[in-house]
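Report on one structure; see the data block that follows.
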Amino acid sequence: MDKTTYEESKMLEIKNLHVTVGGKEILKGLDLTINDGEVHAIMGPNGAGKSTLSYAISGKGGYEVTEGSVLYNGKDLLAMDPNERAGEGLFLGFQYPVEIPGVSNMNFLRTALNSQRRYQGAAEVKAVDFLKLIRAKAKELDVDPEMLKRDVNVGFSGGEKKRNEMVQMAVLDPSMAILDETDSGLDIDALRIVADGINRLRGQEKSILLITHYQRLLDYVVPDFVHVLADGRIVKTGTKDLALQLEAKGYAGLGIAENAA
Amino acid sequence: MTLKRYLDTPEVGRNFEKRKTGFVGADQAWLSDLRARAMDKFMATGLPGPKVEEWKYTNLGFLARFLAQPQANENFEISKTDPDTAEIKSLFDRAYIENISGPVVVFVNGHFYSALSSRPDEDGVTFSIFSENPGGFRQSLAEEKESTPLNNLNRAMVTDGYYLEVSAQVTMSRPIQIIHLATSGSDGQSLHTRGKISLAASARAKVIESFLGPDGPQYWTHMISDVDVAEKAELDYFQLQLQGKQAIHITELHSVLLKKAKFNHMNLQLGAEVSRSEIMNSLSGEYAEIGLRGAYLGRVKQSHDIFTRINHDKSHCQSNQLFRGVLDEGGKSAFQGKVIVARDAQKTNADQSNKNLLLSRKAEANAKPELLIYADDVKCTHGATVGELDRDQLFYLRSRGLDEAAAKELLVEAFVAEVFSTMKNGGEKNGDDMEILQQRFTEKTRGWLSREVIS
Ligand SMILES: Nc1ncnc2c1ncn2[C@@H]1O[C@H](COP(=O)(O)OP(=O)(O)OP(=O)(O)O)[C@@H](O)[C@H]1O
Ligand SMILES: [Mg+2]
């Protein structure tokens with residue numbers, strides 16, 4: 001990409017994104033720009049393509065981009081491997097965090113952090129410093145340190161898995177986080193804690209894309225923009241009031257088809 | 001024409017005749033007779049061919065090279081000034097697990113090597129070396145737990161071996177490491193060694209045996225272990241195979257367990273071009289428990305063949321087998337696990353699990369569990385799977401910054417980790433040793449994987 005077209009403030013710039021999964025086109029020309037320090041929320045009916053968007057941005061295999069571009073800090077994100085995208089500061093909080101039997105959370109997180117450090121040309125974190133870091137983050141997020149010794153997500157409850165995603169985010173300290181329904185399945189206290197975690201990141205001029213079905217999270221993390229994704233496109237953009245309207249009237253009430261596919 | 005089940009090997013007999021005066025203990029009539037009888041038996045059968053069911057996955061045709069060739073080093077002796085000493089030392093350093101303190105016994109090219117050995121020295125523990133005292137092996141060599149062609153060949157050609165005896169009620173204070181090295185000059189040699197481990201009632205011991213050699217020479221390691229675990233005795237016996245890329249590694253292990261005896265065996269196969277491990281066990285007393293654990297990693301022309309047999313001859317015994325295989329491009333493996341439950345062996349509890357991970361489409365894993373149950377009140381399970389790395393797990397790791405190689409490495413490590421995590425530990429001290437062993441194997445697994453990434 002030509003450096004001169006790159007604007008300092010643009011963290012993520014998606015243009016006309018078309019993504020095909022399993023031979024079926026799911027994203028059909030999606031545009032979205034997120035600037036430094038902004039919080040955007042995406043809402044939309046089940047099956048609209050929200051998770052597909054998050055996977056395409058983070059580079060999951062099988063999500064074929066047939067058209068369009070994604071720039072991240074001005075760099076062509078689509079040309080990068082998933083781990084390079086992470087190294088560039090992108091984080092995806094999974095809607096369904098994956099269980100990895102036989103790999104401890106600690107080992108996983110340390111390997112991940114040091115992989116990113118190496119990518120960024122920084123020194124690896126020493127074992128003691130890592131322990132300190134992870135203990136501090138676990139405390140911030142009210143996560144039992146014992147949980148960190150267990151295998152990655154194995155036997156975790158739905159809410160524990162989501163909190164674990166937040167621990168990972170806090171430790172890896174990304175410049176942009178996409179959180180795919182991180183609020184689903186959280187109890188009321190946990191939602192607050194997670195929201196605090198997101199707001200801490202926000203305070204450091206990081207960008208956040210929240211994918212959510214519920215207005216509730218947006219009471220704690222007030223978004224700069226709310227988008228509605230339906231049938232593979234952003235069909236409506238507004239402020240937090242849009243989320244309130246949706247909550248009150250539903251998608252159909254706003255003239256958005258439940259599933260336009 | 002009948003199917004050719006065995007391979008003719010007439011040169012072997014001629015070679016044996018030529019060499020027999022040079023064998024260890026050639027001056028002792030009983031031993032020469034025993035060798036000659038064993039050789040006759042071997043000649044009568046020859047090598048098992050691929051038509052023999054048990055040998056379906058490993059073709060022994062290539063052994064002809066070793067059988068026809070006279071050994072160069074029959075009276076093996078290396079002086080302190082020998083230029084090979086440095087090589088032996090460096091091989092030793094690779095095999096020796098230094099944070100497991102305890103006695104160490106080293107064999108080089110199939111012969112005892114005293115310079116790097118420190119034998120066990122404690123009350124109730126007797127340790128002897130075949131080449132120093134062949135007479136001490138008279139009884140154990142004469143015992144025929146199994147009269148397979150290769151066992152006969154080993155008996156006829158045995159180069160050296162060890163005999164570890166632990167007296168009743170005695171617990172060996174530290175694990176013993178047995179290290180078998182092959183040098184760069186071992187091309188074409190066959191190293192026929194034997195080990196005998198015998199635990200009297202309520203004795204306890206731990207044996208860690210490693211096999212290591214350089215890439216380059218094609219040598220044949222042929223090791224037979226006889227294990228006796230008496231009433232209430234407990235033995236842990238681990239074998240770690242780190243042979244050179246061209247090596248051929250064949251081992252047989254025969255164990256007999258008496259009442260309430262416990263035997264844990266771990267079998268880790270990383271090196272060699274061809275490996276074959278036979279692990280044959282008899283539960284000959286009630287309430288005996290056996291655990292077999294193993295992992296094998298193979299790629300590029302490598303083939304690992306694990307053959308286990310557990311005879312449940314008495315009631316209330318437990319057997320538990322867990323084997324994990326990882327095969328990359330060009331790697332091949334077979335796991336054949338046979339469990340035979342005799343008519344009287346009621347209340348038997350036997351389970352077997354074999355899982356294989358294929359990292360490439362050009363890899364092959366065969367699994368063949370076989371249960372023969374003649375008793376009616378038993379609990380026997382088996383499971384075998386062949387699968388690939390989980391794409392979602394891989395992506396999850398990569399989305400956190402791990403490159404493809406590192407992500408694969410972590411998942412492969414996790415896959416084989418079960419072999420260790422399910423190993424029963426006896427006491428805290430043993431737990432530490434287990435951790436050291438696990439770490440050692442994890443390092444080796446990592447090395448195995450990273451080599452793949454480079455090539
Ligand atoms: N491998 C596949 N083959 C075919 N269709 C697929 C495949 N994977 C996903 N889809 C379809 O893509 C569409 C978008 O799925 P996606 O997970 O992106 O929806 P979503 O907006 O995240 O929904 P939800 O709110 O339920 O999480 C769905 O209709 C889904 O069935
Ligand atoms: Mg979704």
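On a predicted model such as this, the values are computed, not experimentally measured, just so you know. A note on names: the letters A, B, ... follow the listed sequences, proteins ahead of strands, and every chain is numbered from 1.
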Measuring from atom [atom1] of [X] to atom [atom2] of [Y], what distance do you get when rounded to the nearest 0.5 angstrom?
{"X": "B:Leu397", "Y": "A:Asn83", "atom1": "CG", "atom2": "CG", "answer": "10.5 Å"}
{"X": "B:Glu404", "Y": "A:Asp81", "atom1": "CD", "atom2": "CG", "answer": "8.0 Å"}
{"X": "B:Ser399", "Y": "A:Lys60", "atom1": "OG", "atom2": "NZ", "answer": "9.5 Å"}
{"X": "B:Asp390", "Y": "A:Glu99", "atom1": "CG", "atom2": "CD", "answer": "10.5 Å"}

Engaged part of [X] at the chain B interface, taking heavy atoms whose separation is under 4.5 Å:
{"X": "A:Leu172", "value": "side chain"}
{"X": "A:Asn107", "value": "side chain"}
{"X": "A:Glu88", "value": "neither"}
{"X": "A:Glu165", "value": "side chain"}
{"X": "A:Pro174", "value": "neither"}

Quiz item: Any idea which heavy atoms bring B:Arg400 and A:Ala86 closest together, and the distance?
Solution: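 Minimum heavy-atom separation between B:Arg400 and A:Ala86: C-CB, 4.0 Å.
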Quiz item: What heavy-atom pair brings B:Gly401 and A:Ser115 nearest, and what distance separates the two atoms?
Solution: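 Minimum heavy-atom contact is O-CB, 3.1 Å.
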Quiz item: Hey, does the side chain of B:Glu418 reach the backbone of A:Gly102 with a donor-acceptor pair shorter than 3.5 angstrom?
Solution: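 It does not hold such a pair.
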Exercise. Output yes when a side-chain donor or acceptor of B:Gln393 lies under 3.5 Å from a complementary backbone atom of A:Val98, and no otherwise.
Key: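 No: the side chain of B:Gln393 does not pair with the backbone of A:Val98.
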Practice problem: Applying ring-ring contact (aromatic ring centres under 6.0 Å, His included), run through B:Phe395 and A:Tyr63 and close with a yes or a no. | Solution: CA-CA 12 Å; B:Phe395 175 64; A:Tyr63 290 73; 8.2 Å; no
Practice problem: Hey, can you tell me if B:Tyr396 and A:Phe108 have their rings parallel, tilted or perpendicular (30° and 60° cut-offs)? | Solution: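 Plane angle under 30°, so parallel.
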Quiz item: If you measure from the Lys or Arg side-chain nitrogens to the Asp or Glu carboxylate oxygens, is any gap between B:Arg398 and A:Glu84 under 4.0 Å?
Solution: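 Not counted as a salt bridge, because no side-chain N and carboxylate O are separated by less than 4.0 Å.
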Exercise. Might you confirm whether atom CD of B:Glu98 has over 12 heavy atoms from other residues, nucleotides or ligands at distances under 6.0 Å?
Key: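 Open.
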Quiz item: Is A:Gln120 atom CD crowded by more than 12 heavy atoms from other residues, nucleotides or ligands, each under 6.0 Å away?
Solution: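 For A:Gln120, atom CD is crowded (more than 12 foreign heavy atoms under 6.0 Å).
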Practice problem: Tell me, out of B:Leu402, B:Leu410, B:Leu394, who's got the most heavy-atom pairs with chain A below 4.5 Å. | Solution: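 Ranked by contacts with chain A, first place is B:Leu402.
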Quiz item: B:Arg391 versus chain A, heavy atoms under 4.5 Å apart: side chain, backbone, both or neither?
Solution: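 Contact with chain A is absent: no heavy atom of B:Arg391 under 4.5 Å.
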Practice problem: Please determine, among A:Asn114, A:Leu92, A:Val152, the option with the most heavy-atom pairs under 4.5 Å with chain B. | Solution: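 Of A:Asn114, A:Leu92, A:Val152, A:Leu92 has the most heavy-atom pairs under 4.5 Å with chain B.
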